[in-house]
Enquirer: 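My structure is below; once you've seen it, I'll send some questions.
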Amino acid sequence: MDVSSETLGKSLLLCKLIVVLSYRDGQELKVKDQGTIYNHTLATILVEYAASVYVSDLTELITWTCPKCNDLTKGFQILELIVDVKRCLQAFVGVAPDINAIVIAFRGTQGTSIQNWIADLYWKQLDIEYPGMEDAMVHHGFYSAYHNTTLRPGVLSAVESAKEQYGDIPIMVTGHSMGGAMAAFCGLDLTVNYGSRNVSVMTFGQPRIGNAAFASYYSKWVPNTIRVTHEHDIVPHLPPYYYYFPQKTYHHFPREVWLHNLGFGLLSYTVEKVCDDSGEDPSCSRSVAGRSIKDHLTYYGVRLGGEESGFCKIVMDDRLAAYGKVDVDGNVNLSRDFSASVLGMNVESNEERRSI
């Protein structure tokens, strides 16, 4: 029987699809060089935390009742919610019983339009030395967003409290976009400066944050790191990488997992490619032109980003505000050390809420 080349091609493509789906059912891909394990199921859980941290209604967030606070993240308990109002930054720390881990999530770009932020990234320079790491240079803005704001002390305090309550369980740090940059600095900080063990980092659509020397140090200290990139997402291509100036240019740290589609029509499927340990694998996201904002805002089918583009706000129930800490700059820390009546309040009520 003669078989046309078109039919044969479709058959081979179907076989590829079966293989891909089979390894995804297994859920883990191991990388020998650094012991990094990419777990598809864990990625789909953490991306929901990275999406939830964008929620501006702090009452829904602290009680974990927001529309995004369900599905794979049910049962999560926030211990600390930190909002740096002046810089429009937000993060939370909590415990996820289903994965037996402390989860730290950082919000991405929110205060200005994503288009303006991306345009600025084209011109960002390596402008600060990372302390204690020879020749390591990083992006001052990303470094400061974590180290020089109210986020860092709030996060570190919450992690210490979580360890006192739950023991030395794993710490998972996540974030999308600029939140991914802060997540990386947080993971490094916990490991280098506070001796935390079992720290892993998984980010989504993260920009480059330092040079090759920094990437080398980072991969040594936080080897259990995954940077997930999606199709033609523009942000992982920024700030630009200049091939002819490897020591002076921005350089990603490993390990990238590139999500991209192959096939056509009904046989189209998503490949989750685990890239090499260079951080700049030319066969992964660097093999395509990164020009898509749309691809930046969706990972694993989950929408990431603020509810209102270009506008930074937070909303709280008046009763909840009384139990938070507000400093002279208006920055907010909400803690799970609230009374049971506050934590158990009916957030479905129609009582008036206020914007800050």
Side-chain angles (χ1 to χ4, degrees), residues 34-36 46 49-50 53 78-84 87 89-95 101-108 126-175 178-203 206-227 250-255 279 325 327 331 333 335:
Q34 293 181 310
T36 302
L46 290 178
Y49 287 113
V53 75
I78 285 188
L79 301 180
E80 194 85 12
L81 173 58
I82 313 108
V83 183
D84 190 305
R87 302 169 183 85
L89 303 173
Q90 187 163 300
F92 62 66
V93 181
V95 175
I102 299 168
V103 175
I104 306 170
F106 292 88
R107 186 173 70 186
L126 293 157
D127 48 13
I128 187 174
E129 295 181 359
Y130 192 89
M133 296 183 179
E134 186 177 358
D135 298 326
M137 300 287 292
V138 296
H139 182 292
H140 179 270
F142 295 152
Y143 177 90
S144 295
Y146 170 72
H147 282 275
N148 299 331
T149 67
T150 58
L151 297 191
R152 183 176 184 243
V155 166
L156 295 177
S157 174
V159 169
E160 183 178 355
S161 297
K163 286 185 174 182
E164 290 175 356
Q165 295 180 53
Y166 300 96
D168 193 20
I169 62 177
I171 301 172
M172 299 182 183
V173 195
T174 191
M178 181 175 171
M182 289 187 283
F185 281 120
C186 178
L188 187 60
D189 186 30
L190 288 169
T191 303
V192 173
N193 298 320
Y194 291 90
S196 296
R197 299 177 296 173
N198 298 325
V199 175
S200 60
V201 174
M202 184 177 290
T203 67
Q206 177 199 316
R208 297 183 178 98
I209 63 175
N211 65 358
F214 174 79
S216 179
Y217 281 113
Y218 181 94
S219 62
K220 173 184 176 182
W221 284 102
V222 198
N224 292 322
T225 294
I226 295 289
R227 293 183 299 99
Y250 279 94
H251 193 294
H252 271 308
F253 49 75
R255 173 85 57 179
K325 305 172 188 175
D327 65 18
N331 301 315
N333 277 58
S335 172

Enquirer: How far does CZ of Arg152 sit from OG of Ser157, to the nearest 0.5 angstrom?
Expert: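 It is 12.5 Å, given to the nearest 0.5 Å.
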
Enquirer: Which heavy-atom pair separates Thr150 from Ile82 by the least distance, and what is that distance?
Expert: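 Taking every non-hydrogen atom into account, O-CG2, 3.6 Å.
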
Enquirer: Any side-chain heavy atom of Glu80 sitting closer than 4.5 Å to one from Val155?
Expert: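 Not in contact.
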
Enquirer: Measure the shortest side-chain to side-chain distance between Ile102 and Pro170 over non-hydrogen atoms and say whether it is less than 4.5 angstrom.
Expert: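 Counting from C-beta outward, Ile102 and Pro170 never come under 4.5 Å.
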
Enquirer: Minimum heavy-atom separation for Ala183 to Thr203, with atom names?
Expert: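 Distance-wise, the nearest heavy atoms are CB-CG2, 4.1 Å.
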
Enquirer: Is there a side-chain contact between Phe185 and Ile209, using heavy atoms and a 4.5 Å cut-off?
Expert: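 The answer is yes, as the side chains (C-beta and beyond) meet within the 4.5 Å cut-off.
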
Enquirer: Give a yes or no answer on whether the side chain of Thr149 reaches the backbone of Ala145 with a donor-acceptor pair at less than 3.5 Å.
Expert: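 Confirmed, Thr149 side chain pairs with Ala145 backbone.
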
Enquirer: In the structure I gave you, are the side-chain heavy atoms of Tyr194 and Val159 within less than 4.5 Å of one another anywhere?
Expert: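 In short, these two side chains do not touch, never coming nearer than 4.5 Å.
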
Enquirer: For Trp221 versus Thr191, what's the shortest heavy-atom pair and its separation?
Expert: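 Trp221 and Thr191 have their closest heavy atoms at O-CG2, 3.3 Å.
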
Enquirer: Mind listing the closest non-hydrogen atom pair of Gln206 and His252 along with its distance?
Expert: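 So the minimum-distance heavy-atom pair works out to O-CE1, 3.5 Å.
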
Enquirer: If we check side-chain contact (heavy atoms from CB on, under 4.5 Å) with Thr225, which of these qualifies: Val201, Val173, Val199, Leu188?
Expert: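 Exactly one pass, corresponding to Val201.
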
Enquirer: I would like to know whether Ile171 and Asn198 meet side chain to side chain contact (heavy atoms under 4.5 Å, CB included); could you show each step before the answer?
Expert: CA-CA 6 Å; Ile171 301 172; Asn198 298 325; over 6 Å; no

Enquirer: For Arg227 and Phe253, indicate whether the former's side chain and the latter's backbone hold a donor-acceptor pair under 3.5 Å.
Expert: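 Checked: pair present.
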
Enquirer: Check whether any side-chain heavy atom of Arg87 lies under 4.5 Å from a side-chain heavy atom of Leu151, and answer yes or no.
Expert: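 No; the side chains remain at least 4.5 Å from each other.
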
Enquirer: Identify the two heavy atoms, one from Ala212 and one from His251, that lie closest to each other, and give their separation to 0.1 Å.
Expert: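 That closest heavy-atom pairing would be N-CB, 3.6 Å.
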
Enquirer: Without swapping roles, check the side chain of Ser216 against the backbone of Ala213 for a donor-acceptor pair under 3.5 Å.
Expert: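 Not at all, since once roles are kept as given, no pair shorter than 3.5 Å links the two residues.
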
Enquirer: Using atom types as modelled, flag every donor-acceptor pair under 3.5 Å from a side chain in residues 128-142 to any protein atom, sequence neighbours excluded.
Expert:
| residue | atom | partner | partner atom | Å |
| --- | --- | --- | --- | --- |
| His139 | ND1 | Gly141 | N | 3.0 |
| His139 | ND1 | Phe142 | N | 2.9 |
| His140 | NE2 | Ser144 | OG | 3.4 |

Enquirer: Restricting to non-hydrogen atoms, name the atom on Ile169 and the atom on Tyr166 that form the minimum distance, rounded to 0.1 Å.
Expert: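 Reported closest heavy-atom pair: CG2-O, 3.4 Å.
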
Enquirer: Out of curiosity, Arg107 CZ to Phe92 CZ, how far, rounded to the nearest 0.5 Å?
Expert: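 Rounded to the nearest 0.5 Å, the CZ-CZ separation comes out at 11.5 Å.
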
Enquirer: Assess whether side chain to side chain contact (heavy atoms under 4.5 Å, CB included) is satisfied between Leu89 and Met178, documenting all intermediate values.
Expert: CA-CA 10 Å; Leu89 303 173; Met178 181 175 171; 4.2 Å; yes

Enquirer: Verify the distance criterion only: is there a donor paired with an acceptor across the side chains of Gln90 and Asp84 at less than 3.5 Å?
Expert: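 Not at all, the side chains of Gln90 and Asp84 share no donor-acceptor pair under 3.5 Å.
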
Enquirer: Between Tyr146 and Asp189, is there a side-chain donor-acceptor contact under 3.5 Å, judged purely by atom types and distance?
Expert: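 There is such a pair (donor and acceptor under 3.5 Å, judged by atom type) between the side chains of Asp189 and Tyr146.
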
Enquirer: Test your reading of the model: is there a side-chain donor-acceptor pair from Thr174 to the backbone of Met202, 3.5 Å cut-off?
Expert: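 Yes, Thr174 side chain to Met202 backbone: donor-acceptor pair under 3.5 Å.
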
Enquirer: Would you sort out whether Val93 and Leu81 count as a side chain to side chain contact (heavy atoms under 4.5 Å, CB included), showing the intermediate values?
Expert: CA-CA 7 Å; Val93 181; Leu81 173 58; over 6 Å; no

Enquirer: Under the criterion side chain to side chain contact (heavy atoms under 4.5 Å, CB included), I'd like the reasoning laid out for Val103 against Val95: C-alpha separation, chi angles, the key distance, then a yes or no.
Expert: CA-CA 6 Å; Val103 175; Val95 175; over 6 Å; no

Enquirer: Do Arg255 and Ser219 come within less than 4.5 Å of each other through their side chains, counting heavy atoms only?
Expert: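 Heavy-atom side-chain distance check fails, nothing below 4.5 Å.
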
